[in-house]
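So the structure is just underneath, and the comments pick up after that.
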Amino acid sequence: MNHPLTSYTDEELIVLMKTDSTIVAEIFSELYDRHKNRIYAYTLRVTVSRDDARDILQETFIRFYQSLQTTFIANVGAYLLITARNLCLNQKRSQRNYEKLSEDIPAEEFLIRFEHKDLITQLSKALACVDFDQREAFVLRYYHTLEYEEIAEITGQNINTIRNRVWRAKEKIKTLLAPIIKEISA
């Protein structure tokens, strides 16, 4: 091979994988390294559980590898994100019997003095209190900086529905974080 794998695009690596079976493991490893952080960050924000996020990350790449055996995947990033999303939805459905996290967070809990870096931690806690569909839209919009059109395509929802979900998530988060922001601003 003349060039290191890092110099190839995802699509070129997929083609190369189909034509040179001797370097399949190296190509898959390169694709994993390129996309693992983004997929893990998405699953962590949506599931709000490190263990679930790790499991879903692993299952996403297992399914990706299996699909590569029979299918040409033109957009690796989108394929992985859609697969991770579907696994998150499956995980959410399987946990319906468990007690839901209370959305009523005592205001006193938020009145503790926080440094700015702790605001991120509190944002994560507030995000956990937001409805799954709204949280997912918020994460895709603000953590992954996707356009509304891209989010609508990934989720299979109407663009206006996505805009509404993002807005509702922001409003809920603003309400939950208002005491902290007020304290920091003082």
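Keep in mind that the numbers below use all heavy atoms, side chains included, and drop hydrogens, waters and symmetry copies.
Taking the six-membered ring where tryptophan is involved, the planes of Phe61 and Tyr32 are perpendicular, since the angle between them exceeds 60° and thus also 30°.
Between Lys36 and Leu57, the shortest heavy-atom contact is O-CD1, 3.7 Å. In terms of heavy atoms, Leu176 sits closest to Cys129 at CD1-CB, 3.9 Å. Closest approach of Thr43 and Cys88 over heavy atoms only: CG2-SG, 3.9 Å. The minimum heavy-atom distance between Asp52 and Gln91, with the atom names listed, is OD2-NE2, 2.6 Å. Minimum interatomic distance between Arg38 and Leu146 (heavy atoms only, all atoms of both residues): NH2-CD2, 3.5 Å. The shortest heavy-atom contact between Ala152 and Ile162 is CA-CG1, 3.9 Å.
Cluster annotation: Ile56 is not connected to Phe132 through the hydrophobic network of ILVMFWY side chains, with a link wherever side-chain heavy atoms come within less than 4.5 Å. In terms of hydrophobic clustering, with Ile, Leu, Val, Met, Phe, Trp and Tyr side chains grouped at heavy-atom distances under 4.5 Å, Phe64 and Leu87 are assigned to different clusters. Under the 4.5 Å side-chain heavy-atom criterion for ILVMFWY residues, no single connected hydrophobic cluster contains both Phe138 and Trp167. Using a 4.5 Å cut-off between side-chain heavy atoms of Ile, Leu, Val, Met, Phe, Trp and Tyr, with links allowed through other members, Ile82 and Ile62 fall into different hydrophobic clusters.
Salt-bridge check for Arg168 with Glu171: failed, with every basic side-chain N at 4.0 Å or more from each acidic carboxylate O.
Checking side-chain atoms of Glu12 against main-chain N and O of Thr9 turns up a donor-acceptor pair under 3.5 Å. Side-chain N or O atoms of Thr19 include one that pairs as donor or acceptor with a backbone N or O of Leu16 at under 3.5 Å. With Thr155 contributing its side chain and Ile151 its backbone, the two residues share a donor-acceptor pair below 3.5 Å. Side chain of Thr161 to backbone of Gln157: no donor-acceptor contact under 3.5 angstrom is found. A donor-acceptor contact shorter than 3.5 Å is absent between the side chain of Lys172 and the backbone of Leu127.
Between Tyr42 and Tyr143, the distance from one ring center to the other does not fall under 6.0 angstrom.
The CD atom of Glu150 lies 9.5 Å from the CG atom of Leu140; values are rounded to the nearest 0.5 Å. Between the CD1 atom in Ile73 and the CG atom in Leu13 there is a gap of 12.5 Å [rounded to 0.5 Å]. The structure places OH of Tyr148 at 4.5 Å from CZ of Arg141, a figure rounded to the nearest 0.5 Å. Here the OG atom belonging to Ser49 is positioned 8.0 Å from the CG atom belonging to Asp55, to the nearest 0.5 angstrom. The structure places CG of Leu44 at 7.5 Å from OG of Ser124, a figure rounded to the nearest 0.5 Å. Atom OH of Tyr8 is separated from atom CD1 of Ile14 by 14.0 Å, given to the nearest 0.5 angstrom.
Enclosure of atom CD in Glu153 is not indicated, since only 12 or fewer non-hydrogen atoms of other residues, nucleotides or ligands lie within 6.0 angstrom. Remark: Tyr65 OH is loosely packed, at most 12 non-hydrogen atoms of other residues, nucleotides or ligands lying under 6.0 Å away.
Arg54 meets the side chain to side chain contact (heavy atoms under 4.5 Å, CB included) test with Tyr40, Arg50, Asp51; sequence neighbours excluded. Partners of Val48 according to the side chain to side chain contact (heavy atoms under 4.5 Å, CB included) rule, which considers only residues two or more places apart in sequence or in another chain, are Ala128, Arg135.
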Derivation of the side chain to side chain contact (heavy atoms under 4.5 Å, CB included) call for Asn75 and Tyr79 | CA-CA 6 Å; Asn75 188 337; Tyr79 178 88; over 6 Å; no
Apply side chain to side chain contact (heavy atoms under 4.5 Å, CB included) to the pair His35 and Asp10, showing each step before the final yes or no.
-> CA-CA 10 Å; His35 296 281; Asp10 289 351; 2.7 Å; yes
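For the salt bridge (Lys or Arg N to Asp or Glu O under 4.0 Å) condition, the pairs that include at least one residue of residues 72-89, sequence neighbours left out, are Arg85-Glu136.
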